[in-house]
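When a ligand or atom number is given, it counts from 1 through the structure's own listing order. Computation of the quantities below employed the complete heavy-atom set of this structure, encompassing side-chain atoms and omitting hydrogens, waters and symmetry-equivalent molecules. No experiment lies behind these values; they were computed from the predicted model shown.
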Amino acid sequence: MSASPNPLTSFVDQLVDARNSLRAIAQFSNTYPNFSVEEAYDVQARLLERDLATGKRIAGYKMGLTSKAKQRDVNVFESIHGYLTSDMEIFPGQTLTASTRIHPRVEPEIAVVFGRSVAGASRISDLTSKIEYIGPALEILDSRYENFTFQLPDVIADNTSASGFLLGTTNYLHRMEDIPLLGTVLRLNGDVVGTGAPAAVLGNPLISVLELVKRLAANNREIAAGQVVLTGGITASISVKATDWVELLMPKAVLTLHVV
Ligand code: OOG
Ligand code: MG
């Protein structure tokens with residue numbers, strides 16, 4: 001009896017290779033149709049271990065597919081979570097180099113930075129005293145799969161297409177009740193390409209944080225002080241290429257990302 005090699009190990013290798021070589025791979029569910037969500041999170045956990053072993057540091061977490069617009073965007077109708085590493089952060093004024101990604105996309109989100117750790121929170125009021133920053137952010141996605149096409153387990157294994165994030169500086173901490181209603185406008189090269197409000201994300205992006213806290217707790221993990229959480233795209237994402245610029249407009253905030 002010969003033991004067949006565990007395919008999940010090869011999935012981690014293939015994802016790391018796609019990230020490094022910038023060559024997209026076929027979605028695993030094509031050849032491994034029984035790929036389960038549980039196995040997919042196992043692949044993601046191994047990918048995180050690999051990243052930590054190569055010196056990356058965890059910067060926080062992200063929720064994905066928490067709005068209808070995003071679910072329709074990628075034709076996957078369940079919310080997902082992943083992790084962020086500090087090398088993914090783009091700071092205001094820095095550019096996104098398109099040639100370091102396979103097929104980058106950008107989307108507007110509400111980000112939360114925690115000043116204190118968050119273990120068991122079950123209500124929004126359990127979170128508020130721990131928040132240091134809550135405001136606009138742009139997430140940069142880059143699926144490692146061909147044509148940006150995947151099934152639910154594929155995108156989970158691929159750390160939910162995580163590739164970068166840019167945090168704004170306008171802090172809405174003093175107007176928490178208004179957050180669901182803050183008008184959100186996405187512009188590409190000056191043209192409005194998306195409009196919405198954070199209410200698109202589960203009614204309130206902080207509900208997305210509560211969902212994340214629950215998922216992390218199930219794995220004996222928690223949000224640590226200083227970590228960032230991306231709560232999920234408010235509108236569909238947009239593809240970007242060199243020479244593009246993206247602007248996210250929210251009340252008293254303009255967040256600009258130039259692509260080179
Ligand atoms: C999957 C990641 C989804 C979000 O905010 O909904 C996500 C993808 O769209 O590639 O980050
Ligand atoms: Mg996102």
Side-chain angles (χ1 to χ4, degrees), residues 15 18-19 22 24-29 35 37 40-41 43-44 47-48 59-85 88-90 96 101-113 134-168 179-180 184 186 193-194 196-212 215 227-240 246 248 250 255 257:
L15 287 165
R19 258 181 358 194
L22 302 180
I25 55 177
Q27 59 191 77
F28 302 129
S29 55
F35 196 16
V37 165
Y41 278 112
V43 172
Q44 190 194 105
L47 196 59
L48 171 59
Y61 299 95
K62 58 169 284 190
M63 286 293 292
L65 310 184
T66 47
S67 68
K68 289 279 185 300
K70 273 299 309 182
Q71 293 183 344
R72 282 193 291 262
D73 189 15
V74 293
N75 205 32
V76 174
F77 296 88
E78 309 265 352
S79 62
I80 54 180
H81 68 277
Y83 62 87
L84 302 168
T85 50
M88 291 180 189
E89 184 160 10
I90 295 176
L96 169 68
R101 305 295 200 277
I102 301 169
H103 34 208
R105 293 186 179 184
V106 178
E107 61 190 13
E109 305 211 5
I110 288 290
V112 185
V113 178
I134 178 160
L138 287 169
E139 177 171 24
I140 293 101
L141 297 173
D142 194 28
S143 174
R144 268 53 68 164
Y145 301 111
E146 289 161 357
N147 306 316
F148 223 109
T149 301
F150 41 72
Q151 307 289 319
L152 174 66
D154 302 309
V155 66
I156 292 168
D158 184 24
N159 190 24
T160 68
S161 312
S163 185
F165 62 97
L166 167 65
L167 300 180
I179 284 169
T184 306
L186 186 66
V193 291
V201 174
L202 301 173
N204 185 332
L206 288 171
I207 305 275
S208 177
V209 176
L210 290 176
E211 173 65 21
L212 174 72
R215 290 168 178 227
Q227 288 186 338
V228 55
V229 175
L230 297 179
T231 55
I234 297 167
T235 70
S237 63
I238 49 167
S239 298
V240 294
V246 178
L248 166 56
M250 289 188 69
L255 193 50
L257 177 65

**Q** Hey, which atoms in ligand 1 end up nearer than 4.0 Å to a heavy atom of F148?
**A** 10 (O)
**Q** Under 4.5 Å between any side-chain heavy atoms of E146 and I25, yes or no?
**A**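 The answer is no; the side chains never approach within 4.5 Å.
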**Q** Heavy-atom contacts with V155 under 4.0 Å: which atoms of ligand 1 show up? List them by number with element.
**A**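 In order of numbering, the contacting atoms are 1 (C).
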**Q** Does ligand 1 have an atom that lies less than 4.0 angstrom from a heavy atom of S237?
**A** no
**Q** For ligand 1, which atoms have a heavy atom of L141 less than 4.0 angstrom away?
**A** 8 (C), 9 (O), 10 (O), 11 (O)
**Q** Run the side-chain contact (heavy atoms from CB on, under 4.5 Å) test on V155 and S143 for me, step by step, so that the C-alpha distance in whole Å, both residues' side-chain angles and the decisive distance to 0.1 Å come before the verdict.
**A** CA-CA 8 Å; V155 66; S143 174; over 6 Å; no
**Q** Name whichever N, O or S atom of E109 ends up nearest to the Mg ion (ligand 2).
**A**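 Distance check against the Mg ion (ligand 2) picks out OE2 in E109.
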**Q** What atoms of ligand 1 come within less than 4.0 Å of a heavy atom belonging to G233?
**A** 4 (C), 5 (O), 6 (O)
**Q** Please say whether V74 places an N or O atom under 3.5 Å from an N or O atom belonging to ligand 1.
**A** no
**Q** Is the ring pair F35/F28 parallel, tilted or perpendicular, if the boundaries are 30 and 60 degrees?
**A**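 Geometry flag for F28 against F35: perpendicular rings.
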**Q** How does L65 reach ligand 1, if at all, at less than 4.0 Å between non-hydrogen atoms: by side chain, backbone, both, or neither?
**A** both
**Q** Is any side-chain heavy atom of M63 closer than 4.5 Å to one of T231?
**A**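 Not in contact.
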**Q** Checking R19 against N159 for the side-chain contact (heavy atoms from CB on, under 4.5 Å) test, could you report, in this order, the C-alpha distance in whole Å, the side-chain angles of both residues, the deciding distance, and whether it holds?
**A** CA-CA 11 Å; R19 258 181 358 194; N159 190 24; 5.6 Å; no
**Q** Give the numbers and elements of all ligand 1 atoms closer than 4.0 Å to a heavy atom of E109.
**A**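 The atoms of ligand 1 under 4.0 Å from a heavy atom of E109 are 5 (O).
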**Q** Quick one: do D154 and Y145 satisfy side-chain contact (heavy atoms from CB on, under 4.5 Å)? Show the steps, please.
**A** CA-CA 8 Å; D154 302 309; Y145 301 111; 3.7 Å; yes
**Q** Between S79 and T66, which heavy-atom pair has the shortest distance, and what is it?
**A** CB-CG2, 4.0 Å
**Q** Suppose you place the vertex at the Mg ion (ligand 2); what is the angle out to E107 OE2 and E139 OE1, to 10°?
**A** 110°
**Q** Could you tell me which atoms of ligand 1, counted from 1 in the order shown, lie closer than 4.0 angstrom to a heavy atom of G232?
**A**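 By the 4.0 Å cutoff, the relevant atoms are 5 (O).
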**Q** Which residue and non-hydrogen atom of the protein lie closest to atom 2 (C) of ligand 1, and at what distance in Å?
**A** T160 O, 3.2 Å
**Q** About how many Å separate CD of E109 and CG of L230, when rounded to the nearest 0.5 Å?
**A** 5.0 Å
**Q** Could you say whether the N/O atoms of K70 and ligand 1 ever approach to under 3.5 Å?
**A**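 Looking only at distances, the answer is yes, because the N/O contact criterion of under 3.5 Å is met.
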**Q** Is there a side-chain contact between E107 and S67, using heavy atoms and a 4.5 Å cut-off?
**A**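 Counting from C-beta outward, E107 and S67 never come under 4.5 Å.
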**Q** Identify the closest protein heavy atom to atom 7 (C) of ligand 1: which residue and atom is it, and at what distance?
**A** E107 OE2, 3.3 Å
**Q** For D73 and ligand 1, answer yes if some heavy atom of the residue is under 4.0 Å from a ligand atom, otherwise no.
**A** no
**Q** Could you report the tightest heavy-atom contact between A236 and K70, atom names first, then the distance?
**A**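 Closest heavy-atom pair between A236 and K70: CA-CD, 4.4 Å.
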**Q** For M88 and Y83, which heavy atoms make the closest approach, and how far apart are they?
**A**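 So the minimum-distance heavy-atom pair works out to CE-O, 4.0 Å.
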**Q** Heavy-atom contacts with K62 under 4.0 Å: which atoms of ligand 1 show up? List them by number with element.
**A** 2 (C), 7 (C), 11 (O)
**Q** Identify the heavy atoms of S163 and R101 that sit nearest to each other, and give their distance.
**A**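 For S163 versus R101, the nearest heavy atoms are OG-NE, 2.5 Å.
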**Q** What protein heavy atom sits nearest atom 10 (O) of ligand 1, and how far off is it?
**A** S161 OG, 2.7 Å
**Q** With heavy-atom distances below 4.0 Å as the criterion, list the atoms of ligand 1 near F150.
**A** 8 (C), 10 (O)
**Q** I'd like to know if Q71 contacts ligand 1, where contact means a heavy-atom distance under 4.0 Å to any ligand atom.
**A**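 Contact check Q71 vs ligand 1: negative.
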**Q** Between R105 and ligand 1, which part of the residue brings a heavy atom under 4.0 Å of the ligand: side chain, backbone, both or neither?
**A**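 Neither; nothing of R105 gets under 4.0 Å from ligand 1.
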